[in-house]
Amino acid sequence: MKIRLNRIAVCICFFLFILACAGAQAEVIINEVMASNGYYTDGHAWDWAELYNNGDQTVSLSGWGFTDSKKDLYKFTFPDGAKLKSGEYLTIWCTGEENDKPGKGDTFYADFAISSKGETLRLTDADGQEIAKLKMPEQYGCVSYGLPAGGSEYGFFENATRGKKNEKEAFAGRAAEPEILTAAGFYEGSVTVEARGEEGAVLRYTMDGETPTKKSKEFPAEGLLIKKTTPLRVKAFREDAVSSTAAGATYFIDDAPQTSIVSLISDDKYLFSKKTGMLVKGTGSIPNYARGYEYPVHIEYFTKDGKQELSQTGTMTCSGHSARINSQKSIALYARKAWGPERFAFNPFPTRDYDSYKSILLRSTNSDTYATRLRDVVASSLAEGQDILYQDYEVIQVYINGRYWGHYNLREKINKYFVAQYEGVTDEKEIDSIDILARTGTDEFLQNGDNKDWLELCDFCKKKDLNDPENFAWVEERLDIDSMFTHAAFEIILGNVDFTNVRIYRIPGGKWRYLLFDVEACWRNLDPTPIEYYIKPLNAKIQGFRHEPLNAMFKVPEMKAKFLTRVSELLSTVFRWDNVEAHFDKVIDVLKPILPRHIERWKNMKMENWKKNIHAIKYYARVRPKKIPEMLKKAMKLTQAEVDEYFGETLKLLEETNKRQ
């Protein structure tokens with residue numbers, strides 16, 4: 001009898017244990033979700049879902065599935081050993097891209113993205129039992145959706161709280177962005193600005209770039225009088241909804257534009273805060289401007305005649321490499337779906353016929369900051385019509401939170417979208433597959449896509465004789481030889497001493513092509529540099545970029561002749577002084593009137609020195625082309641007969657056109 005009672009007790013305990021485990025599993029909930037994330041961490045703004053263990057026991061998640069598909073409950077499967085303790089949270093980053101790390105602890109990675117259009121998320125245990133299901137409506141950008149603390153109805157939160165206790169109040173919707181009725185732009189004396197919002201909304205505003213809060217001043221019904229250049233932000237607040245996105249507009253008072261203008265409006269914590277501001281050094285061991293922060297910013301573009309062509313919120317990062325140490329930093333701007341339209345629906349560049357851009361660059365002229373501020377744009381613009389990709393430009397002035405920020409060159413931003421537009425690639429999957437490599441193309445310099453084929457190509461050129469038709473055909477199938485020759489010719493003629501600035505790209509199904517960029521270290525002298533880096537033995541040390549494809553081609557007589565012909569052609573057309581001087585004067589005419597104000601703002605150069613520097617680089621730009629044939633003769637061991645054959649008539653032309661006026 002005693003043994004029987006013991007067995008019954010054991011069974012009861014086991015049954016109660018099973019019930020406890022089942023109860024514990026049932027307490028794991030999908031607590032909060034962000035399906036349109038615009039807050040970047042380490043270069044990523046992935047969607048995320050947060051799980052919370054609302055029970056009183058640790059739950060093993062081994063083999064559990066998380067998904068947005070009813071047909072595939074295990075799109076993401078928790079690894080063995082995964083668990084969630086009572087009262088704790090974990091995050092599943094939904095990356096939308098393949099990854100080889102499922103994660104651990106309180107952080108996991110799924111390779112699917114959550115649709116912002118609305119869908120159902122499911123959490124399933126290892127036996128196929130549904131633990132939690134969340135049916136989500138259409139989502140707002142940068143707004144999380146979840147279960148309020150102590151509540152039972154899901155809704156939208158004013159503030160996301162990933163990894164922390166949710167807010168106590170959630171809402172069914174979001175207030176509409178208010179409309180600023182008075183056009184942004186340029187006024188004399190003052191302007192009274194009017195704005196309106198939806199019924200029941202209270203409008204609040206700031207005039208210093210900060211995002212309005214419930215504590216900000218209420219927008220006056222009679223309108224807001226503005227007497228000085230001001231960045232205005234207006235936001236709508238309702239008791240029954242998440243606050244709206246912020247409308248933005250800049251009003252320039254007694255400050256007529258002399259060029260096109262870009263105005264940026266953003267919070268101090270994103271710009272100048274010592275702890276998080278991207279435009280300052282900060283206090284950490286790694287400067288803030290080198291951390292890759294990407295933050296929201298309201299972006300406006302005004303033409304020289306004052307017409308506003310762009311006004312939307314996107315994101316910004318501090319751009320460049322070593323030049324980020326300069327006080328005036330380059331800034332990259334991105335159109336991001338989470339913050340607004342997915343593209344910038346305007347085209348400020350005169351030689352392009354595009355209707356929009358995914359990203360643009362405000363370039364501060366980097367290493368040319370203290371000299372001419374125009375080398376790169378003038379030199380790059382010479383590539384127009386030469387069947388090589390280059391960045392177009394526009395000379396502009398920039399304001400940040402209403403403060404004059406000086407002269408910049410507005411440029412196309414080099415990325416997969418930039419290449420796709422030029423090459424006519426429109427399919428999103430193909431755009432994602434575009435290969436872009438910098439310098440040597442090794443993993444360290446892989447910007448997008450894959451580098452395996454490029455490295456194989458370089459090694460092949462180093463080891464194989466391209467005079468063998470089969471070997472040559474193998475290379476020609478993969479490499480756009482004309483692009484390579486044009487790129488090398490430009491770099492050599494310009495005398496770009498920053499020879500590491502080499503980028504190549506390939507679209508799906510296409511050949512490797514070269515991209516001309518960042519040539520501002522040109523026209524500095526009449527020395528052979530960078531010829532010694534471009535033209536060298538195949539087995540020479542690799543310095544900055546892979547020299548083997550170019551020099552392997554030089555061993556094929558027909559290709560050597562083709563390169564020399566291309567150099568001669570460029571010297572006699574593109575680099576004729578009348579053509580080059582016209583490109584110089586086009587920029588100087590716009591830049592010269594605005595430089596005094598820029599110099600007053602940054603105090604990093606003098607006008608008289610700028611004029612001297614312009615005179616010097618014009619000299620090098622005029623004289624250097626005449627020196628190129630002799631440089632090539634020495635570097636390529638040409639005979640005088642070859643020099644006469646390829647450059648005889650060109651030299652006569654240059655002596656006439658590039659002589660001192």
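Below, all heavy atoms of this structure are taken into account, side chains as well, without hydrogens, waters or symmetry copies.
- Under 3.5 Å, the side chains of Asn31 and Glu50 contain a donor-acceptor pair of N or O atoms.
- Shown here for Arg324 and Ala290, the closest heavy-atom pair between the two residues is NH1-CA, 3.7 Å.
- Between the side chain of Arg204 and the backbone N or O of Pro212, no donor-acceptor pair lies under 3.5 Å.
- In this structure, CD1 on Ile131 lies 13.5 Å from CZ on Arg122, to the nearest 0.5 angstrom.
- Considering only heavy atoms from C-beta on, Asp106 stays 4.5 Å or farther from Tyr89 through its side chain.
- For CD of Glu239, the number of neighbouring non-hydrogen atoms (other residues, nucleotides, ligands) closer than 6.0 Å is 12 at most.
- Note: His598 and Trp602 have tilted aromatic rings, judged against thresholds of 30 and 60 degrees for the angle between ring planes.
- No option in Phe344, Tyr295, Tyr39 other than Tyr39 meets the ring-ring contact (aromatic ring centres under 6.0 Å, His included) test with Trp339.
- Leu410 is listed as a side-chain neighbour of Leu362, based on a closest heavy-atom distance under 4.5 Å.
- Gln328 contributes a side-chain N or O that, together with a main-chain N or O of His407, makes up a donor-acceptor pair within less than 3.5 Å.
- In this structure, Phe108 has its ring center no closer than 6.0 Å to that of Trp48.
- The structure places CG of Asp208 at 10.5 Å from CG of Leu232, a figure rounded to the nearest 0.5 Å.
- Within the model, atoms CG of Asn99 and CH2 of Trp46 stand 7.5 Å from one another, a figure rounded to the nearest 0.5 Å.
- Open room surrounds CZ on Arg196; 12 or fewer heavy atoms of other groups in view lie less than 6.0 Å from it.
- Ile325 CD1: 12 or fewer foreign heavy atoms inside a 6.0 Å radius.
- Met278 has its side chain out of reach of Tyr289: every pair of non-hydrogen atoms, C-beta onward, lies at least 4.5 Å apart.
- Using modelled atom types, one side-chain atom of Thr213 and one backbone atom of Lys215 make a donor-acceptor pair closer than 3.5 Å.
- Not a single donor-acceptor pair under 3.5 Å links the side chain of Ser144 to the backbone N or O of Met34.
- We find the CG-OG1 distance between Asn326 and Thr369 to be 4.5 Å, quoted to the nearest 0.5 Å.
- Taking 4.5 Å as the limit, some side-chain heavy atom of Lys416 sits within range of a side-chain heavy atom of Asp432.
- When only modelled atom types and interatomic distance are considered, Asp68 and Ser115 share no side-chain donor-acceptor pair under 3.5 Å.
- Side-chain contact of Thr211 with Asp267: a donor-acceptor pair under 3.5 Å is present, judged by distance alone.
- One side chain, Tyr40 or Arg336, offers a donor N or O that lies under 3.5 Å from an acceptor on the other.
- Counting only heavy atoms from C-beta outward, the side chains of Val297 and Thr315 never approach each other to under 4.5 Å.
- By the neighbour-count criterion of 12 heavy atoms within 6.0 Å, atom CG of Asp42 is sparsely surrounded, having that number or fewer from other residues, nucleotides or ligands.
- Using modelled atom types, one finds no donor on one side chain facing an acceptor on the other under 3.5 Å when comparing Gln397 with Gln258.
- When all heavy atoms of Ala110 and Ile92 are compared, the closest pair comes out as CB-CG2, 4.0 Å.
- With hydrogens and angles left out, the side-chain atoms of Ser263 and His298 include no donor and acceptor closer than 3.5 Å.
- The heavy-atom pair separating Arg162 from Trp93 by the smallest distance is CZ-CZ2, 3.6 Å.
- Between Tyr404 and Tyr399, the angle of the ring planes goes over 60°, which puts this pair in the perpendicular group of the 30/60° scheme.
- Checked by atom type and distance alone, the side chain of Tyr408 pairs as donor or acceptor with a backbone atom of Lys329 at under 3.5 Å.
- Ile400 places a side-chain heavy atom less than 4.5 Å from the side chain of Ile331.
- Smallest separation of non-hydrogen atoms from Pro348 and Glu394: CB-OE1, 3.4 Å.
- Although no hydrogens or angles enter the test, the distance criterion places a donor-acceptor pair under 3.5 Å between the side chain of Asp254 and the main chain of Gly189.
- Remark: the Thr161 side chain and the Glu32 side chain contain an N/O donor-acceptor pair separated by less than 3.5 Å.
- With ring centers used as reference points, Phe186 lies under 6.0 Å from Phe252.
- Not a single ring pair (Phe, Tyr, Trp, His ring centres under 6.0 Å) links Phe171 to another residue, sequence neighbours left out.
- Thr365 places no side-chain N or O within 3.5 Å of a backbone atom of Arg373 that could act as its donor or acceptor partner.
- Within 6.0 Å of the NZ atom in Lys603, the count of heavy atoms belonging to other residues, nucleotides or ligands exceeds 12.
- Leu61 places none of its side-chain heavy atoms less than 4.5 Å from the side chain of Phe66.
- Between the side chains of Thr245 and Glu177, at least one donor N or O sits under 3.5 Å from an acceptor N or O.
- In this structure, a donor-acceptor pair under 3.5 Å is absent between the side chains of Ser36 and Gln139.
- A donor-acceptor contact closer than 3.5 angstrom is absent between the side chains of Thr91 and Thr107.
- Although no hydrogens or angles enter the test, the distance criterion places a donor-acceptor pair under 3.5 Å between the side chain of Thr276 and the main chain of Lys269.
- A donor-acceptor contact shorter than 3.5 Å links the side chain of Ser86 to the backbone of Gly55.
- Judged purely by atom type and a 3.5 angstrom limit, Asn347 uses its side chain to pair as donor or acceptor with the backbone of Arg352.
- With sequence neighbours excluded, the residues satisfying ring pair (Phe, Tyr, Trp, His ring centres under 6.0 Å) with Phe156 are Tyr140, Tyr145.
- The CD atom of Gln308 sits 10.0 Å away from atom OG1 of Thr303, with the distance rounded to the nearest 0.5 Å.
- Contact of the Pro220 side chain with the Tyr205 side chain is registered, since non-hydrogen atoms from C-beta on lie closer than 4.5 Å.
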query = Where do Met316 and Ile299 land on the side chain to side chain contact (heavy atoms under 4.5 Å, CB included) test, with the steps shown first?
reply = CA-CA 9 Å; Met316 60 182 175; Ile299 305 158; over 6 Å; no
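- For the residue pair Ser260 and Tyr301, a side-chain donor N or O sits within less than 3.5 Å of a side-chain acceptor on the partner.
- Only one option out of Phe418, Tyr357, Tyr354, Tyr393 pairs with Phe349 in a ring-ring contact (aromatic ring centres under 6.0 Å, His included); it is Tyr357.
- Atom NZ of Lys304 is surrounded by 12 or fewer heavy atoms from other residues, nucleotides or ligands within 6.0 Å.
- Taking every heavy atom of both residues into account, Ala184 and Glu300 meet most closely at CB-OE2, 3.5 Å.
- Residues Phe272 and Tyr270 keep their aromatic ring centres 6.0 Å or farther apart.
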Test side chain to side chain donor-acceptor pair (under 3.5 Å) applied to Ser327 and Asn604, step by step = CA-CA 9 Å; Ser327 297; Asn604 55 10; over 6 Å; no
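- Taking OG of Ser364 as the start and CH2 of Trp405 as the end, the distance is 12.0 Å to the nearest 0.5 Å.
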